[in-house]
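Basis for what follows: all heavy atoms, side chains included, without hydrogens, waters or symmetry-related copies. In this text the structure is predicted, and so the values were computed from the model without any measurement.
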Amino acid sequence: MDVCDAHRHLGVLPAYPFYGGPPVNPDITARATIDELIADLDAERTDRALVIPNYGVPDVAVSFGFNELVVEAATRDDRIRAGLWVSPRPQDAELTAKALTLAAEPGVRVLKLSFLLGGHPADEAVRPQLDEIFRTARDNRLVVHVHTSPGAASDIDHIGHLVETYADDVPLHLVHFGGGMSGHIKLIGSRFFDWIEAGKQIYTDLSWAIGFAPGWLAAEIERRGVGHDRVLFASDQPWGDHAGELARMRAAMGDGELAGHVFHRTFSHLYD
């Protein structure tokens, strides 16, 4: 079966003293060059990939600086689609405006944002930036990717504001499907399916997911009869583990119609 990777990163970040410790580089498989990325795709036999600037250190200029690299990667190899790093924070407005000038470049399919480095989805201070990001996505037929994880501003309770505000007419990809126990239960228990049935254009992947979540989600999709075309495989390399993520998703999704959507068809629908 062809495998499309809907979320992985390119670029090497500087070492940083996370959580008060010494400077470290935990993303040890990060790739600095397009050639290294292509070699990974070849070794994995990845059919196509959505590639986004690496991020995670407080200096957002580093991640913005990788935007041109991912755009170049998409022009180098037809297997690659590019996602641009953008920010909803007012202090990043100039950098985001520059990033959005690349939205119409060949191969660009995604705008990626995160609240891990600051801001809050319901804060009026970020609303002008969010409006501009989603307007650009709508005008260029792009998908917006947003990081989700339990607690703080990235919790699905807060990211839900973006779903309610923007996902009627812009596809919104909830990266990591809530990212942990509370997010998974909230989404699988009701919200993911409620949003789909309300007409929201939401998509997701299960990178970082706790073990029970992929199997439960697959079972709920079968039981409810909706959602099969809203889930994509994503490795989140280098923060994820491609081999492990792939094995887990194959085990949960089987080898039938649902797997066809997760590993190939939904990627084609969004990005081809």
Side-chain angles (χ1 to χ4, degrees), residues 2-9 47-52 81-84 86 103 108-115 121 130 133-134 136-138 140-149 154-156 158-179 183-184 186-209 213-214 216-218 220-222 224-236 240 245-246 248-249 252-253 257-272:
D2 293 335
V3 173
C4 300
D5 187 344
H7 189 102
R8 64 192 295 153
H9 300 276
D47 187 54
R48 275 166 292 168
L50 190 287
V51 179
I52 295 166
R81 308 290 185 265
L84 302 174
V86 295
V108 173
R109 297 291 187 272
V110 160
L111 304 178
K112 168 65 186 289
L113 63 90
S114 172
F115 293 94
L130 287 172
I133 289 166
F134 279 89
T136 301
R138 183 177 60 250
N140 291 276
R141 301 178 66 186
L142 306 179
V143 180
V144 175
H145 280 215
V146 59
H147 171 91
T148 65
S149 54
S154 295
D155 194 281
I156 198 63
H158 304 306
I159 299 301
H161 290 291
L162 303 184
V163 177
E164 298 295 344
T165 305
Y166 300 107
D168 287 327
D169 56 359
V170 177
L172 180 59
H173 180 121
L174 305 174
V175 177
H176 308 314
F177 199 61
H184 299 336
K186 291 171 184 177
L187 286 166
I188 303 174
S190 62
R191 291 184 207 179
F192 182 64
F193 298 99
D194 291 346
W195 282 330
I196 293 171
E197 291 172 346
K200 303 298 184 183
Q201 298 186 53
I202 57 164
Y203 296 84
T204 195
D205 68 79
L206 287 103
S207 57
W208 292 21
W216 184 24
L217 177 59
E220 281 296 289
I221 288 171
E222 181 177 1
R224 294 171 180 257
V226 296
H228 61 282
D229 56 351
R230 304 301 184 94
V231 181
L232 300 97
F233 167 72
S235 71
D236 196 36
E245 298 285 357
L246 183 58
R248 188 160 50 114
M249 287 295 284
M253 301 300 159
E257 186 75 9
L258 177 58
H261 284 284
V262 169
F263 293 112
H264 184 78
R265 292 189 201 116
T266 302
F267 187 103
S268 295
H269 169 70
L270 289 178
Y271 302 129
D272 288 346

Does the plane of the ring in [X] sit parallel, tilted or perpendicular to the ring in [Y]? Use 30° and 60° as the thresholds.
X: His161; Y: His158; result: parallel
X: Phe134; Y: Tyr166; result: parallel
X: Trp208; Y: His147; result: perpendicular

side-chain contact (heavy atoms from CB on, under 4.5 Å) involving Arg48 - partner list, sequence neighbours excluded: Cys4, Arg79, Arg81, His264, Phe267, Ser268, Asp272
Considering all heavy atoms of both residues, which atom of [X] and which atom of [Y] are nearest to each other, and what is their separation?
X: Ala252; Y: Ala218; value: O-CB, 3.6 Å
X: Ile159; Y: Pro121; value: CD1-CG, 3.8 Å
X: Gln201; Y: Asp168; value: NE2-O, 3.1 Å
X: Val144; Y: Val170; value: CG2-CG1, 4.0 Å

May I have the step-by-step check of side chain to side chain contact (heavy atoms under 4.5 Å, CB included) for Val163 and Leu174, ending in yes or no? CA-CA 9 Å; Val163 177; Leu174 305 174; 4.2 Å; yes
Without swapping roles, check the side chain of Asn140 against the backbone of Leu142 for a donor-acceptor pair under 3.5 Å. no
Considering only NZ, NE, NH1 and NH2 on the basic side and carboxylate oxygens on the acidic side, decide whether Asp236 and Arg8 come within less than 4.0 Å. no
With sequence neighbours excluded, what pairs up with His173 under the ring-ring contact (aromatic ring centres under 6.0 Å, His included) test? His145
Those residues at least two apart in sequence (or on a different chain) that pass ring-ring contact (aromatic ring centres under 6.0 Å, His included) with Trp195 are none
Check the surroundings of atom CD in Glu164: do more than 12 heavy atoms from other residues, nucleotides or ligands lie under 6.0 Å from it? yes
Within 6.0 angstrom of Arg224 CZ, more than 12 heavy atoms from elsewhere: yes
Going through the distances and angles, do Ile202 and Arg230 end up as a side chain to side chain contact (heavy atoms under 4.5 Å, CB included)? CA-CA 7 Å; Ile202 57 164; Arg230 304 301 184 94; 4.2 Å; yes
Step by step, work out the side chain to side chain contact (heavy atoms under 4.5 Å, CB included) result for Phe233 and Thr266. CA-CA 9 Å; Phe233 167 72; Thr266 302; over 6 Å; no
Asp205 and His176: side chain to side chain contact (heavy atoms under 4.5 Å, CB included), yes or no, with the steps? CA-CA 6 Å; Asp205 68 79; His176 308 314; 4.2 Å; yes
Met249 CE to Leu206 CG distance, which is reported to the nearest 0.5 Å: 5.0 Å
